[in-house]
Q: 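Encoded as structure tokens, here's the structure I'll be asking about.
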2 protein chains.
Amino acid sequence: MGRRSDHSRAELEALILETGQNLMEEVGFAHFSAREVAKRIGYTVGTVMRVFGSVDALVVAINSRTFTMWARWLEECLQGAQDGQRIRALVKGYFDFASQRRNLWSAIYEHRVPDRVGIPEHLAEQRSQLMNIVTHEIASVLPNERKDEAERLSRSLVATVHGHCSFALGGSFALMGEADPFDLAMRRVAEILRANGANVD
Amino acid sequence: MGRRSDHSRAELEALILETGQNLMEEVGFAHFSAREVAKRIGYTVGTVMRVFGSVDALVVAINSRTFTMWARWLEECLQGAQDGQRIRALVKGYFDFASQRRNLWSAIYEHRVPDRVGIPEHLAEQRSQLMNIVTHEIASVLPNERKDEAERLSRSLVATVHGHCSFALGGSFALMGEADPFDLAMRRVAEILRANGANVD
DNA sequence: GCGGAAAATTACGCACTGTTCAATTTAAAA
DNA sequence: TTTTAAATTGAACAGTGCGTAATTTTCCGC
């Protein structure tokens, strides 16, 4: 069992977060539990509650961590992408992350944050990393006179890709007989970008 | 308590479905339960289980019913729409339905259908009504030589609107500082349609 | 009126949940 | 070494849920 000297407060926090994220990926949001996290790190439920205050707060923290993970993933996708294919790499990265970390990805959207919990500033910032990466790429393909629209357009593009990804993983597309959701998403992104004056091939 | 002669099998099925849908709207997917449905119709759990087999099957049926409701809603939106504003009415209808029947709408996407349950043919058909309405409208604004693309394009447009709607109701847009999600969705739809040769204003 | 069949109830078994808190253990300060 | 304060435990609380099987009730045809 966990002893006071085994981990500092910060270590414990990190341990719970990492283990919690692993559990989330394994069992999904619906079967996630603080008790199981505690069991896995060799502590008891009380300790988890003391560190994070509530299960909801823990889930918020885990999901924020997932955003960071996702952002890093996208950055790697961008590094391996040749010029003129960077937007494509981003969309592909979005789809691939969601597919390969299915439960982590859905937990972000399945968890309804109670008002009393909220999202602390430092975690909200983690979540914004992803948008920053996208906005940066979008800005770079927009003409100078429209770069100020990059932020709003990026939100919309991410929502577009999200919608396609959501239908793909949720089975809606399959039910409709759609065989290539990624192709669909990519077409839309290209069309939208062109319509907004971007030069994409 | 429910008596054998109070309701025929079909009546009972309809009663459970309607009451279940009301409950779903009230408490949301996470707090939905077959027991509560039974209590509300004056029967007990066993009866609900006998009629639908499992909670998952009941939820599948409720969600299919929601699709039908949604389709009717869109049809009404279309009736009250003037020419040249029909696509807009559709997008608005999508947003409004989701907003006003929030829990019904999310239940569709929150419920992961277990493999052993599946979606029976007659329910899958109910779900396709909505797409048919959209496809019909999209086809009517596409040039003749591209009408065969209407179906696939419609899927993609619905996914696009869904993504925006999902971000709007889930709070993602609010976190990003987005004030007008519908405007965003509408712009994208118009851009995509134009890019595909549709004549829209 | 009676018997059989279907319907509905009842009462379980079982496996969980988050949250709280008194009691205990532990580490560190005095 | 003793005191002190924090960390940790573990049990209690107050629920929740699904699914099922034995039992009772109801209804219909005879």
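Per chain, numbering begins at 1; letters A, B, ... match sequence-line order.
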Q: Could you pick out which residue, B:V45 or A:V45, lies toward the 5' side of DNA chain D when each is mapped onto its nearest nucleotide?
A: A:V45
Q: Please report the distance, rounded to the nearest Å, between CD in B:E36 and C1' in D:dG19.
A: 18 Å
Q: In this structure, how many angstroms lie between the P atom of D:dA11 and the CE atom of A:M49, rounded?
A: 18 Å
Q: Decide whether B:R86 and B:S140 meet the rule of one side-chain donor and one side-chain acceptor closer than 3.5 Å.
A: no
Q: I'd like to know if B:R50 reaches the base of D:dG19 with its side chain, counting only an N/O donor and acceptor under 3.5 Å.
A: no
Q: Nearest-Å distance, OH (A:Y43) to C1' (D:dT9)?
A: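 Between C1' of D:dT9 and OH of A:Y43: 12 Å.
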Q: Let me spell it out: for each of A:F32 and B:G46, pick the nucleotide of DNA chain C with the closest heavy atom. Which residue's pick is nearer the 5' end?
A: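 That would be B:G46.
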Q: Between C:dA7 atom P and B:I16 atom CD1, what is the distance in whole Å?
A: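 B:I16 atom CD1 is separated from C:dA7 atom P by 12 Å.
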Q: Looking at D:dT9, C:dT19, D:dG19, which one has an atom nearest to any side-chain atom of B:V55?
A: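 Of all the options, the side chain of B:V55 is nearest to D:dG19.
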Q: Between the side chains of A:T19 and A:R40, does any donor sit under 3.5 Å from an acceptor?
A: no
Q: Between B:T160 and B:R188, is there a side-chain donor-acceptor contact under 3.5 Å, judged purely by atom types and distance?
A: no
Q: How long is the line joining NE2 of B:H111 and C1' of D:dG17, in whole Å?
A: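 Answer to the nearest Å: 14 Å.
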Q: If you look at every strand shown and take non-hydrogen atoms under 4.0 Å, does A:T47 touch a base, only sugar-phosphate, or nothing?
A: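 The residue A:T47 makes base contact.
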Q: Should we count CZ of B:R72 as having more than 12 external heavy atoms under 6.0 Å?
A: no
Q: Measure the distance from NZ on B:K39 to C1' on C:dA8 and round it to the nearest whole Å.
A: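 After rounding, the reported distance stands at 18 Å.
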Q: What integer distance in Å separates B:R35:CZ from C:dA8:P?
A: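 It works out to 17 Å between those atoms.
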Q: Is B:R101 salt-bridged to B:D96, going by a charged N under 4.0 Å from an acidic O?
A: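 Between B:D96 and B:R101 there is no salt bridge, as every charged N stays at least 4.0 Å from the carboxylate O atoms.
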Q: According to a strict under-4.0 Å criterion, is A:T44 in side-chain N/O contact with OP1 or OP2 of D:dT8?
A: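 For D:dT8, OP1/OP2 do not have a side-chain N/O of A:T44 under 4.0 Å.
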Q: A:L58 near the nucleic acid: base, sugar-phosphate alone, or nothing, with a heavy-atom cut-off under 4.0 Å?
A: nothing
Q: Without decimals, in angstroms, what is the distance between A:E11 CD and D:dA7 P?
A: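 Checked: the CD to P distance equals 14 Å.
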